[in-house]
Amino acid sequence: MKNLFAVAAVILTTNQPIMALAQMELIYVSSEGHQYRFSNNSDGVVLESLYPVARFTGTGAMTQVITGIETLYLGRDCDAFAKVLGSGTWSWANGGFVVELDAGRIGFPRQEIDANNGLRCAM
């Protein structure tokens, strides 16, 4: 109830219509501390980082750091893709969801996601 009053106070003081609540962004936070903006499309879910993410690529003397806005694609068929990390799968459980890619794993603990696929992709 306290949160409802806080939201109402913000709406009243900013002169924004109540419909603004429906347009609030859904933000996910990875176990690494990166924040991702949620959007969905007919193929599944797109998570785009709010800030640049640094990832290591290569091995040994050929190791490089790639920094930029990271986009994770989570498909309706439990497939996943990220440009730097490669292809893989994603799945969810009561404790959150995880994206397993060729070059790494990204966890999203204590968060739920809906890929518009009838709750498939359970661990």
field: Pairing residues for Ile27 by the side-chain contact (heavy atoms from CB on, under 4.5 Å) criterion, not counting sequence neighbours
entry: Glu25, Gln35, Arg37, Leu50
query: With sequence neighbours left out, which residue pairs that include part of residues 112-123 fulfil the salt bridge (Lys or Arg N to Asp or Glu O under 4.0 Å) condition?
result: Asp77-Arg120
task: Could you pull out all residues at least two apart from Gln64 that satisfy side-chain contact (heavy atoms from CB on, under 4.5 Å)?
output: Thr57, Ile66
- request: Measure from the side-chain N and O atoms of Gln111 to the backbone N and O of Pro109, and report whether any donor-acceptor pair falls under 3.5 Å.
  value: yes
query: Sequence neighbours excluded, which residues qualify as ring-ring contact (aromatic ring centres under 6.0 Å, His included) partners of Tyr36?
result: Phe108
query: Side chains of Arg76 and Asp43: does their closest heavy-atom pair fall under 4.5 Å?
result: no
task: Sequence neighbours left out, what pairs pass disulfide (SG to SG under 2.5 Å) with at least one residue falling in residues 78-123?
output: Cys78-Cys121
- prompt: Any disulfide (SG to SG under 2.5 Å) pairs touching residues 82-111, not counting sequence neighbours?
  reply: none
- prompt: Can you pull the salt bridge (Lys or Arg N to Asp or Glu O under 4.0 Å) pairs that have at least one residue in residues 62-71, sequence neighbours excluded?
  reply: Arg55-Glu70
query: When hydrophobic residues are tied together by side-chain contacts of less than 4.5 Å, even through go-betweens, does Val84 share a cluster with Val99?
result: no
- prompt: Less than 4.5 Å apart, any side-chain heavy atom of Leu72 and any of Ile106?
  reply: yes
message: Counting neighbours of CG on Asn41 that are heavy atoms of other residues, nucleotides or ligands and sit closer than 6.0 Å, is the number greater than 12?
response: yes
message: Per the ring pair (Phe, Tyr, Trp, His ring centres under 6.0 Å) rule, what does the pair list look like for residues 53-96, sequence neighbours excluded?
response: none
field: For Arg105, side-chain contact (heavy atoms from CB on, under 4.5 Å) partners two or more places apart
entry: Val98, Glu100
task: Give a yes or no on whether Tyr51 and Leu26 share a hydrophobic cluster (residues Ile, Leu, Val, Met, Phe, Trp, Tyr; joining criterion: side-chain heavy atoms under 4.5 Å apart).
output: no
- prompt: Which heavy atom of Leu74 sits nearest a heavy atom of Ala80, and at what distance?
  reply: CD2-CB, 4.1 Å
task: Would you check if the side chain of Asp102 reaches a backbone N or O of Ser87 as a donor-acceptor pair within less than 3.5 Å?
output: yes
statement: In Tyr28, Phe97, Phe38, the residue satisfying side chain to side chain contact (heavy atoms under 4.5 Å, CB included) with Val45 is Phe38
task: Using the salt bridge (Lys or Arg N to Asp or Glu O under 4.0 Å) rule, collect all pairs that involve residues 79-97, keeping only residues at least two apart or in two chains.
output: none
query: Would you say the side chain of Ser49 lies within less than 4.5 Å of the side chain of His34, judging by non-hydrogen atoms?
result: no
- prompt: With Thr67, which residues qualify under side-chain contact (heavy atoms from CB on, under 4.5 Å), at least two apart?
  reply: Pro52, Ala54, Val65
query: Same cluster or not: are Leu101 and Val46 linked, directly or through other Ile, Leu, Val, Met, Phe, Trp or Tyr residues, by side-chain heavy atoms under 4.5 angstrom apart?
result: no
